[in-house]
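First comes the structure, then the notes that go with it.
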Protein chains: 2
Amino acid sequence: MLTTERHQLILNLLKEKQSIKIQELVELTAASESTIRRDLTELEELQKLERVFGGASRIAPNMPEPSLSDKAAKNLKEKQLVARYAASLVKTGDSLFLDAGTTTAQMIPFLTAKDVTVVTNGLSHLEALNEHGITSYLTGGFIKSRTGALVGPQATQSLENYRFDKSFLGVNGIHPVHGFTTPDPEEAAVKRRAGELSRSCYVLADHSKFGKVSFAHIFDLNRSALIIDGLPEDALEEIERQTTIKVVTQ
Amino acid sequence: MLTTERHQLILNLLKEKQSIKIQELVELTAASESTIRRDLTELEELQKLERVFGGASRIAPNMPEPSLSDKAAKNLKEKQLVARYAASLVKTGDSLFLDAGTTTAQMIPFLTAKDVTVVTNGLSHLEALNEHGITSYLTGGFIKSRTGALVGPQATQSLENYRFDKSFLGVNGIHPVHGFTTPDPEEAAVKRRAGELSRSCYVLADHSKFGKVSFAHIFDLNRSALIIDGLPEDALEEIERQTTIKVVTQ
DNA sequence: TGCTTATGAAAGATTATGATTGATTTTGAA
DNA sequence: TTCAAAATCAATCATAATCTTTCATAAGCA
């Protein structure tokens, strides 16, 4: 990982969190403690953050702590691992579709590639995307107030205006026979069409989703690569026969 | 937990509570009593709180009222008058376009008619619409982060999916010759198309907008009714020759 | 090759923490 | 009011965590 990328990542994380521990950064960046310390020292000299004992803290005014909902906190570590890997696939100039959902939301701080354009149907992504200076477009559509996702025919139709280099989707179920599934048919339709309009399609999930089946079928396993944080041995073989899979560990 | 995080947490709790016991803090932070005591001592030296026997107390009993931003506060009363009247025009079953902007935002609390459907390009309207249980659709498009408005060809195109009973638009300039104007051509395009797709079109403004001319022309005065909170006598005659005008007073 | 820069590891210094002790303050009953 | 018990407090100390400094190695580049 490039030094400047790490710096950017640290700053991005601080936009989310108000303060962060060195140990967390060590885990998230896979760099040594020494390196992180040096990073923090440099960034402090640039007035980008403030070092505190044990980590670093945002220099900006005391933003109200963005309280994570329970759902967002669940499997957060695994989701971050998956999200970090997914974000590392994004290259300069890419145009992306970023699905609504908590897992894909975790990608945003790690999106350090330059000149990236994002289209999303996730209202809750907007603030983070804006803070990280990422050019963003929103699909239209009906607002599912529970999830903050834009869905319906208008959302699907909005997608027709775009072609994506990569799309990143969240799902609720992964099953060798029933493929990728999610509870809401309208959300499924958006995911499906986004995948079809992308050169590469990635499904992000944590291992708890494996074997689950939800109501609405998105597409079969062979239509998307899968990024996941762990799988039982036999499941892995089963999946590998059908699609590209990246198991992220550490 | 980081020291600074604990400090911040203590201060946040004091924003809610006026005073707090050390034992409470011990439980909430999972730190020892000693640590909490040290925290309180430090924060007292920084004048952030006052130590009292058994805990700590807020230093400023009467917190300053959170001041509304200047723009939102400007002519707020007039805007509310205008907005309330505009909302009273909405009838059961109406489908509306609600323009982005602070004046139209004021309408939402007054939208009491049943079975109303709203399409908007204003991201900042969503929360209020949702709170009032109003079925809402969002246009797609590029996000103007300064105003939270969705604009561009995708936004305009989104509108084509709909037909409105009434649309309510904000403007920056009202001029007998130059018509309705606004600074951003892309926003102007959205307003224009929304007006065209409506059976009735209303422009909401306060009197400070009269005589002003902005860069982007939306349409001439005769294409929309005008709801405003007051006008000089001669101006009123001038406008009345061109369009329907409702002057809201009280 | 030689030079620079980035990195990781290690040693010793510094800081934060939790437990303990005895002093101080509050509480409530006489 | 007065006294004793309970709660809270400040001070101290040992330990664990974190920090700084230093050095050696690895990677990139002329």
Side-chain angles (χ1 to χ4, degrees), chain A residues 1-14 16-59 62 65 76-77 80-81 84-85 87-92 109-114 248-250, chain B residues 1-14 16-59 61:
Chain A
M1 188 179 214
L2 235 44
T3 305
T4 52
E5 286 176 340
R6 224 173 34 238
H7 285 193
Q8 194 55 52
L9 173 57
I10 292 172
L11 295 177
N12 286 347
L13 287 165
L14 271 182
E16 311 292 320
K17 276 197 56 155
Q18 167 68 25
S19 63
I20 191 162
K21 283 192 253 198
I22 286 193
Q23 282 313 318
E24 292 183 63
L25 290 173
V26 168
E27 288 177 32
L28 285 169
T29 62
S32 75
E33 203 177 295
S34 299
T35 299
I36 299 296
R37 286 185 195 289
R38 274 184 280 253
D39 289 344
L40 295 186
T41 306
E42 289 170 35
L43 290 170
E44 183 175 42
E45 281 167 6
L46 294 171
Q47 307 273 317
K48 300 286 191 176
L49 51 75
E50 188 187 4
R51 290 205 60 181
V52 296
F53 197 90
S57 137
R58 197 189 295 163
I59 207 157
N62 332 315
E65 185 69 7
L76 180 58
K77 197 148 192 171
Q80 280 191 334
L81 274 178
R84 188 183 65 183
Y85 176 79
S88 75
L89 299 174
V90 177
K91 305 302 177 198
T92 300
F110 297 104
L111 281 177
T112 51
K114 296 289 168 201
V248 189
T249 55
Q250 188 228 16
Chain B
M1 188 179 214
L2 237 42
T3 305
T4 52
E5 288 175 337
R6 222 172 35 237
H7 286 192
Q8 194 56 54
L9 174 58
I10 293 171
L11 295 177
N12 286 344
L13 287 167
L14 273 181
E16 310 292 323
K17 279 197 55 163
Q18 167 67 26
S19 69
I20 192 161
K21 282 193 259 192
I22 286 192
Q23 282 313 318
E24 292 183 65
L25 291 173
V26 168
E27 289 173 29
L28 286 168
T29 62
S32 74
E33 203 178 296
S34 300
T35 299
I36 298 296
R37 287 183 195 289
R38 274 184 281 251
D39 288 345
L40 295 186
T41 306
E42 289 170 36
L43 289 170
E44 183 174 42
E45 282 168 5
L46 293 171
Q47 307 274 318
K48 301 283 191 176
L49 51 75
E50 190 185 4
R51 290 206 60 179
V52 295
F53 197 89
S57 126
R58 198 191 293 163
I59 207 155

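Numbers restart at 1 for each chain; the letters A, B, ... are given by sequence-line order, proteins then strands. Quantities reported herein were computed from a predicted structural model and do not represent experimental measurements.
- For the pair R51(B) CZ and dT26(C) P, the interatomic distance rounds to 13 Å; values are reported in whole Å.
- If you check the side chains of T112(A) and E5(A), you find no donor sitting under 3.5 Å from an acceptor.
- Among the atoms of the strands shown, only primed sugar atoms or phosphate atoms (P, OP1, OP2) are found under 4.0 Å from some heavy atom of V52(A).
- As a whole-Å value, the separation of F53(B) CZ from dT27(C) P is 8 Å.
- The side chain of S34(A) places no N or O atom within less than 4.0 Å of a non-bridging phosphate oxygen (OP1 or OP2) of dG8(C).
- Nucleotide dC9(D) holds its P atom 12 Å from the NZ atom of K21(B), rounded to whole Å.
- Below the 3.5 angstrom threshold, one finds no donor paired with an acceptor across the side chain of R37(B) and the base of dG18(C).
- Rounded to a whole Å, the CD atom of E33(A) is 10 Å from the P atom of dA9(C).
- One atom, CD of Q23(B), and another, P of dT8(D), lie 6 Å apart when rounded to the nearest Å.
- Note that CD of Q23(B) is 9.5 Å distant from CD1 of I36(B), once rounded to the nearest 0.5 Å.
- Distance check, rounded to the nearest 0.5 Å: CG of L46(A) to OG1 of T41(A) gives 11.0 Å.
- Among the protein residues, T41(B) comes within range of no part of the nucleic acid, since none of its heavy atoms lies under 4.0 Å from any strand.
- Residues E50(A) and T4(B) fail the side-chain proximity criterion, which asks for heavy atoms closer than 4.5 Å.
- For the pair I22(B) CD1 and dA7(D) C1', the computed distance is 11 Å after rounding to whole Å.
- Per the geometry, CG belonging to L40(B) stands 13 Å off P belonging to dT17(C), to the nearest Å.
- The separation between L25(A) atom CG and dT18(D) atom P is 13 Å, rounded to whole Å.
- Side-chain N/O atoms of T35(A) include one lying less than 4.0 angstrom from OP1 or OP2 on dG8(C).
- Under the 4.5 Å side-chain criterion, counting only non-hydrogen atoms from C-beta, R51(A) is in contact with R37(A).
- Using a 4.0 Å cut-off, some side-chain N or O of R6(A) falls inside it from OP1 or OP2 of dT7(C).
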